[in-house]
Amino acid sequence: MEAAMGADCGHYMNDIPTVFVSLENPYHLQDFPRVKTYINCYSNNDHCLHQLIEKLTGRSTFKGNSPVDAFCGKWDAHL
């Protein structure tokens, strides 16, 4: 018997280091709750993209607080 809906497909999100970067939509986490590393840029302008590269390469540290609830009030998005 075949598994329905692709249940037999591999799910490699925890096996392969994955970073999800959201540009212009701070609520993407609701669509991808299994991603362990999630970065909100809030915009796709040149300044934000430059800062993203600075953060990802370790030349600058992540700091600050999110002005929105990226978890959309969902407790399971924190897992």
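For the single chain, residues carry numbers from 1 onward in sequence order. Only heavy atoms go into these numbers, but all of them, side chains included; no hydrogens, no water, no symmetry mates.
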Student: With a 4.5 Å heavy-atom cut-off, do Y42 and P67 have their side chains touching?
Tutor: yes
Student: I need the minimum non-hydrogen distance between A70 and L29, along with the two atoms involved.
Tutor: O-CB, 3.6 Å
Student: Determine the minimum heavy-atom distance between C48 and N45, stating which atoms define it.
Tutor: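 Closest approach of C48 to N45: N-OD1, 2.8 Å.
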Student: So, taking the atom named OG1 in T37 and the one named CZ in F20, what distance separates them when rounded to the nearest 0.5 Å?
Tutor: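 Output value for this atom pair is 12.5 Å.
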Student: Looking only at atom types and distance, does a side-chain atom of N25 sit under 3.5 Å from a main-chain N or O of Y27, one as donor and one as acceptor?
Tutor: yes
Student: Nearest 0.5 Å, please: how far is SG in C41 from NZ in K55?
Tutor: 10.0 Å
Student: Please round to the nearest 0.5 Å and tell me the distance separating atom CG of D69 and atom CZ of F71.
Tutor: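 So the gap between those two atoms works out to 7.5 Å.
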Student: Quick check: is I53 connected to V19 through a chain of hydrophobic side chains (ILVMFWY, heavy atoms under 4.5 Å apart)?
Tutor: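 They do not share one cluster, since no chain of ILVMFWY contacts under 4.5 Å joins V19 to I53.
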Student: Work out which heavy atom in N40 is nearest to a heavy atom in S22; give both atom names and the distance.
Tutor: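 Where N40 meets S22 most closely, the heavy atoms are OD1-CB, 3.4 Å.
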Student: Before giving the answer on side chain to side chain contact (heavy atoms under 4.5 Å, CB included), spell out for L23 and L49 the whole-Å C-alpha distance, their side-chain angles and the decisive distance to 0.1 Å.
Tutor: CA-CA 9 Å; L23 304 173; L49 295 176; 3.9 Å; yes
Student: Do the side chain of Y38 and the main chain of H28 share a donor and acceptor less than 3.5 angstrom apart?
Tutor: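 Such a contact is found between Y38 side chain and H28 backbone.
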